[in-house]
Amino acid sequence: AYIQGARVLHLDGQFLPAAVQAARWMQEAGGQICLDGNHPRPGLAELLPLVDWLVVAESFPTRLTHLADPEAAARELLALGPRILVVTEGLKGCQVWTVEEHFQAKAFPVEAVDTTGAGDAFHGGFLYGMLQGWELRRVATFANAVAGLNCRTLGGRRGLPTLAQVEDLVQSAP
């Protein structure tokens, strides 16, 4: 009931049997399922068809699919079930793939002190934007801003920005 009462279930792929069961419950309830695909692991094939939004590190698509071409790897991942694939690329921002489109959202130039937690900050920004119902380009831009701003201080969470700080950075970009 706790899981099914939410609008989104965010998973990291740890403890795959539990993740698969939680995803099934969320799917039954009509909610969205987001997976932080930090690295390919055995058993992921059972979870991916349940995932709506797959957000992964740059190396994940080629490591999972064994396809060297990023576009071919992205298409193969989308064919496994997710409606949205986001590939984070650090200083380059992120690539976003759906069946209908592909685009890159550029990173924001910040004076980085520590990148610890940048991925988690990106996920938080991504989920926030999706829950707001924003269009995908705005979500990706927002998530890049959250991740970049988080890198300005030491530690994984000390640099998490306020909504106003993220909006200021987004609006100040050329």
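Residue numbers count from 1 along this sequence.
Every pair passing ring-ring contact (aromatic ring centres under 6.0 Å, His included) that includes a residue from residues 98-125 is listed here, sequence neighbours excluded: His10-His123, Trp97-His102. Residue pairs meeting the side chain to side chain donor-acceptor pair (under 3.5 Å) criterion with at least one partner in residues 141-152, sequence neighbours excluded, do not occur; the list is empty. Sorted by first and then second residue, the pairs that involve residues 105-118 and meet side chain to side chain donor-acceptor pair (under 3.5 Å), not counting sequence neighbours, are Asp114-Thr116. Within the structure, ring-ring contact (aromatic ring centres under 6.0 Å, His included) contacts touching residues 145-165 (residues at least two apart or in different chains) do not occur. Sequence neighbours left out, the pairs with a member in residues 71-84 that pass side chain to side chain donor-acceptor pair (under 3.5 Å) are Gln32-Arg83. Residue pairs meeting the ring-ring contact (aromatic ring centres under 6.0 Å, His included) criterion with at least one partner in residues 137-174, sequence neighbours excluded, are Tyr128-Phe142, Trp134-Phe142.
Here the straight-line distance linking atom CZ of Phe60 with atom CG of Leu54 works out to 5.5 Å at 0.5 Å rounding.
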**Message:** Does Glu28 form a side chain to side chain contact (heavy atoms under 4.5 Å, CB included) with Gln4? I'd like the steps, not just the answer.
**Reply:** CA-CA 8 Å; Glu28 286 173 15; Gln4 291 181 322; 3.6 Å; yes
**Asked** Checking side chain to side chain contact (heavy atoms under 4.5 Å, CB included) for the pair Asp120/Asp36: CA distance, chi angles, key distance, verdict?
**Response** CA-CA 9 Å; Asp120 290 337; Asp36 173 356; 4.0 Å; yes
**Derivation of the side chain to side chain contact (heavy atoms under 4.5 Å, CB included) call for Leu149 and Leu169** = CA-CA 9 Å; Leu149 289 169; Leu169 180 60; 3.7 Å; yes
**Request:** Take Leu11 and Ile33 through the side chain to side chain contact (heavy atoms under 4.5 Å, CB included) test and state the conclusion after the steps.
**Result:** CA-CA 8 Å; Leu11 300 168; Ile33 300 152; 4.0 Å; yes
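Residues Ala118 and Ala147 come closest through the heavy atom pair O-CB, 3.5 Å. Counting all heavy atoms, side chain and backbone alike, Gln27 lies closest to Pro49 at NE2-O, 4.4 Å.
Remark: the backbone N or O of Cys94 is not paired with any side-chain donor or acceptor of Glu89 at under 3.5 angstrom. In terms of modelled atom types and a separation under 3.5 Å, the side chain of Gln165 and the main chain of Thr162 share a donor-acceptor contact. Checking side-chain atoms of Arg138 against main-chain N and O of Gly129 turns up no donor-acceptor pair under 3.5 Å.
Under the 4.5 Å side-chain heavy-atom criterion for ILVMFWY residues, a single connected hydrophobic cluster contains both Leu127 and Val146. When hydrophobic clusters are built by joining Ile, Leu, Val, Met, Phe, Trp and Tyr residues whose side-chain heavy atoms come closer than 4.5 Å, directly or via intermediates, Leu85 is grouped together with Val51. Residues Leu9 and Leu50 are members of one and the same hydrophobic cluster, defined by side-chain heavy-atom contacts under 4.5 angstrom among Ile, Leu, Val, Met, Phe, Trp and Tyr. No continuous path of hydrophobic side-chain contacts links Leu35 to Leu136 [ILVMFWY only; heavy atoms under 4.5 Å]. Residues Ile84 and Leu48 fall into different hydrophobic clusters, defined by Ile, Leu, Val, Met, Phe, Trp and Tyr side chains chained together at heavy-atom separations under 4.5 Å.
Contacts of Glu46 classified as side-chain hydrogen bond (donor to acceptor under 3.5 Å, both in side chains), with partners at least two apart in sequence or in another chain: Arg24. With sequence neighbours excluded, the residues satisfying side-chain hydrogen bond (donor to acceptor under 3.5 Å, both in side chains) with Glu58 are Lys92. Under the rule for a side-chain hydrogen bond (donor to acceptor under 3.5 Å, both in side chains), Arg7 has no partner lying at least two apart in sequence or in another chain. Among residues two or more places apart in sequence or in another chain, the side chain to side chain contact (heavy atoms under 4.5 Å, CB included) test is passed with Gln171 by none.
For the pair Val55/Cys34, a side-chain contact is recorded, criterion being any heavy-atom separation below 4.5 Å from C-beta on. Here the side chains of Pro82 and Trp53 are not in contact, with every heavy-atom distance at 4.5 Å or above. Side-chain atoms of Leu44 and Leu16, non-hydrogen and from C-beta on, do get closer than 4.5 Å to each other.
Heavy-atom neighbours of Leu131 CG from other residues, nucleotides or ligands within 6.0 Å: above the threshold of 12.
Other cluster members for Leu154: Val113, joined by side-chain heavy-atom distances under 4.5 Å among Ile, Leu, Val, Met, Phe, Trp and Tyr.
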Indicate every side-chain donor-acceptor pair of residues 61-70 with a distance under 3.5 Å to a residue at least two apart or in another chain.
| unit_1 | atom_1 | unit_2 | atom_2 | d |
| --- | --- | --- | --- | --- |
| Thr62 | OG1 | Ser59 | O | 3.3 |
| Thr65 | OG1 | Pro61 | O | 2.7 |
| Thr65 | OG1 | Leu67 | N | 3.2 |
| Asp69 | OD2 | Ala72 | N | 3.0 |

